[in-house]
J.: 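Structure provided below as structure tokens; questions to follow.
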Amino acid sequence: MDITIKSLDGSDAGQVTLADEIFGLEPREDILQRMVRWQLAKRQQGTHETLGRAEIARTGAKLYRQKGTGRARHGSARAPQFRGGGKAHGPTTRSHAHDLPKKFRALALKHALSAKAKSGGIIVVDELKSDEAKTKATVKRFADLGLSNALIIGGAELDENFSRSARNIPHIDVLPVQGINVYDILRRQTLVLSKAAVEALEERFK
């Protein structure tokens, strides 16, 4: 797949051929769904917790005698049916993460890249650099490229001026190539890759 390389000022800067084994697959929604679910489950805090009957600070003495009162046979005021008692089967602090094979995760990333390529949502730029960390200038550059909702992937190291100028722009995410992930690709309308990012991805999946 051949795609025109753009510069940040909107002009053409050559062409690049994207590997079909990475950007030319037929996207499968089931693979993408499983990957997004894995990502969101892994980042869920899981710090919700309630007190069970064993953790309630209340006397454990029997409320009243077992027989002869005509009332129910209660043994503890910590039981869930009493006000102030413990919660039955309540949530406890735990990890929501589940396993997903490494090869499956790599495949899901290829399918996410292919989905963006198929919809025409990929832009390749020659380099992500800025002479000064000015958000106003970066907003104008993005407007010239037609970017209003985008994930921007640079090389192994981001230019500090560019990343600082872009980090406060709404609906724009800037990540190094190591941070590329399926969820962020799918949640943004456009995927912007630098030449260095394309080379790194092809090397990664070689």
Side-chain angles (χ1 to χ4, degrees), residues 1-25 27 29 31-33 35-40 42-43 105-206:
M1 178 191 300
D2 293 331
I3 189 169
T4 302
I5 301 174
K6 296 282 189 180
S7 62
L8 282 179
D9 59 10
S11 60
D12 294 347
Q15 275 201 335
V16 65
T17 300
L18 301 180
D20 287 338
E21 58 269 22
I22 301 174
F23 297 91
L25 302 178
E29 292 183 3
I31 291 178
L32 297 176
Q33 185 271 343
M35 185 62 191
V36 169
R37 180 173 170 267
W38 178 83
Q39 278 190 249
L40 295 182
K42 190 174 181 182
R43 66 197 257 181
R105 302 200 301 265
L107 180 63
L109 182 55
K110 291 181 184 179
H111 277 262
L113 293 170
S114 297
K116 272 287 179 274
K118 185 176 181 180
S119 65
I122 285 185
I123 296 176
V124 178
V125 296
D126 53 353
E127 58 180 0
L128 299 172
K129 286 189 177 180
S130 183
D131 295 332
E132 52 184 359
K134 294 292 185 182
T135 300
K136 186 175 181 180
T138 303
V139 168
K140 186 178 184 306
R141 284 177 163 184
F142 288 170
D144 293 340
L145 286 171
L147 300 179
S148 58
N149 187 309
L151 171 65
I152 301 173
I153 303 295
E157 292 187 8
L158 294 173
D159 178 66
E160 185 176 353
N161 284 340
F162 178 80
S163 60
R164 288 180 64 187
S165 64
R167 66 187 177 189
N168 285 332
I169 303 176
H171 312 302
I172 298 290
D173 297 326
V174 180
L175 294 174
V177 70
Q178 306 94 304
I180 191 169
N181 64 88
V182 172
Y183 178 67
D184 282 332
I185 290 174
L186 297 180
R187 71 191 286 259
R188 293 302 180 203
Q189 183 178 347
T190 308
L191 174 62
V192 180
L193 299 171
S194 68
K195 281 177 62 179
V198 172
E199 293 169 0
L201 286 170
E202 291 182 347
E203 180 67 27
R204 174 175 172 179
F205 292 119
K206 184 179 292 185

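For the single chain, residues carry numbers from 1 onward in sequence order.
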J.: Does G14 offer a backbone N or O that forms a donor-acceptor pair with the side chain of T4 under 3.5 Å?
T.: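 No: the side chain of T4 does not pair with the backbone of G14.
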J.: CD of E160: more than 12 outside heavy atoms within 6.0 angstrom?
T.: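 12 or below, so no.
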J.: Rounded to the nearest 0.5 Å, how far does CG of L25 lie from NZ of K110?
T.: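 With rounding to 0.5 Å, NZ (K110) is 7.0 Å from CG (L25).
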J.: Heavy atoms, side chains only, cut-off 4.5 Å: are I185 and L109 in contact?
T.: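 Of all side-chain heavy-atom pairs linking L109 with I185, at least one is under 4.5 Å.
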J.: I need the full list of side chain to side chain donor-acceptor pair (under 3.5 Å) pairs touching residues 122-131, with sequence neighbours left out, sorted by first then second residue.
T.: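 As it turns out, there is no side chain to side chain donor-acceptor pair (under 3.5 Å) pair with a partner in residues 122-131 once direct neighbours are skipped.
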J.: Considering the options T17, D20, V16, which one meets the side chain to side chain contact (heavy atoms under 4.5 Å, CB included) requirement together with M1?
T.: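 When T17, D20, V16 are each tested with M1, the side chain to side chain contact (heavy atoms under 4.5 Å, CB included) holds only for D20.
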J.: Is the number of heavy atoms from other residues, nucleotides or ligands within 6.0 Å of CD (E157) greater than 12?
T.: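 Check fails, neighbour count at 12 or below.
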J.: How far does NZ of K42 sit from OH of Y183, to the nearest 0.5 angstrom?
T.: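 Between atom NZ of K42 and atom OH of Y183 there are 16.0 Å.
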J.: Do you know the tightest heavy-atom contact between I122 and L113?
T.: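 Taking I122 first and L113 second, the nearest heavy atoms are CD1-O, 3.7 Å.
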J.: For the residue pair P176 and A156, what are the closest heavy atoms and their distance?
T.: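 Closest pair (atom of P176, atom of A156, distance): CB-O, 3.9 Å.
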J.: Quick check on side chain to side chain contact (heavy atoms under 4.5 Å, CB included): which of I152, L158, I153 does L175 satisfy it with?
T.: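 The single option meeting the side chain to side chain contact (heavy atoms under 4.5 Å, CB included) with L175 is I153.
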J.: For D12, which residues count as a salt bridge (charged side-chain N to carboxylate O under 4.0 Å, His left out) partner, sequence neighbours excluded?
T.: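 With neighbours one apart ignored, the set is K6.
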J.: Can you tell me how far OG of S194 sits from CG of D159, rounded to the nearest 0.5 angstrom?
T.: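 The OG atom of S194 is 11.0 Å from CG of D159, to the nearest 0.5 Å.
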J.: What is the distance from atom CD of Q178 to atom CD1 of I180, rounded to the nearest 0.5 Å?
T.: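 The CD1 atom of I180 is 10.5 Å from CD of Q178, to the nearest 0.5 Å.
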J.: Working to the nearest 0.5 Å, report the span between CD1 of I3 and CD1 of I123.
T.: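 CD1 of I123 is found 8.0 Å from CD1 of I3.
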J.: For D184, what residues pass the salt bridge (charged side-chain N to carboxylate O under 4.0 Å, His left out) criterion, not counting sequence neighbours?
T.: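 Scan of D184 (salt bridge (charged side-chain N to carboxylate O under 4.0 Å, His left out), adjacent residues dropped) gives R187.
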J.: Search all heavy atoms of A150 against all heavy atoms of V192 and return the closest pair with its distance.
T.: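 Taking A150 first and V192 second, the nearest heavy atoms are CB-CG2, 4.4 Å.
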J.: Would you name the heavy atoms of L145 and S7 that are closest together and state the gap between them?
T.: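 What the structure gives for the nearest pair is CD2-O, 3.8 Å.
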J.: Please lay out, stage by stage, how T190 and N149 fare under the test side chain to side chain contact (heavy atoms under 4.5 Å, CB included).
T.: CA-CA 6 Å; T190 308; N149 187 309; over 6 Å; no
J.: Looking at residues at least two apart in the chain, or sitting in another chain, which of them share a side chain to side chain donor-acceptor pair (under 3.5 Å) with K206?
T.: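 E203.
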J.: Determine the minimum heavy-atom distance between V177 and R204, stating which atoms define it.
T.: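 Taking V177 first and R204 second, the nearest heavy atoms are O-NH1, 4.3 Å.
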J.: Pairs in or reaching into residues 188-198: which pass salt bridge (charged side-chain N to carboxylate O under 4.0 Å, His left out), with residues at least two apart or in two chains?
T.: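 For residues 188-198, and leaving out neighbouring residues, the salt bridge (charged side-chain N to carboxylate O under 4.0 Å, His left out) pairs sorted by first residue read D173-R188.
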J.: Could you tell me which residues satisfy side chain to side chain donor-acceptor pair (under 3.5 Å) with K116, sequence neighbours excluded, listed by chain and number?
T.: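 Counting only residues at least two positions away or on another chain, K116 forms no side chain to side chain donor-acceptor pair (under 3.5 Å).
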J.: Indicate the atoms forming the closest heavy-atom contact of F23 with A117, along with that distance.
T.: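 Answer, listing the atom of F23 first, then A117: O-CB, 3.5 Å.
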J.: Got a sec: does the CZ of R164 have more than 12 other heavy atoms crowding it under 6.0 Å?
T.: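 Atom CZ in R164 is not packed in, count stays at 12 or less.
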J.: Find the distance between CG (D2) and CD (Q15) and round it off to the nearest 0.5 Å.
T.: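 Between D2 CG and Q15 CD, I get 5.0 Å after rounding to 0.5 Å.
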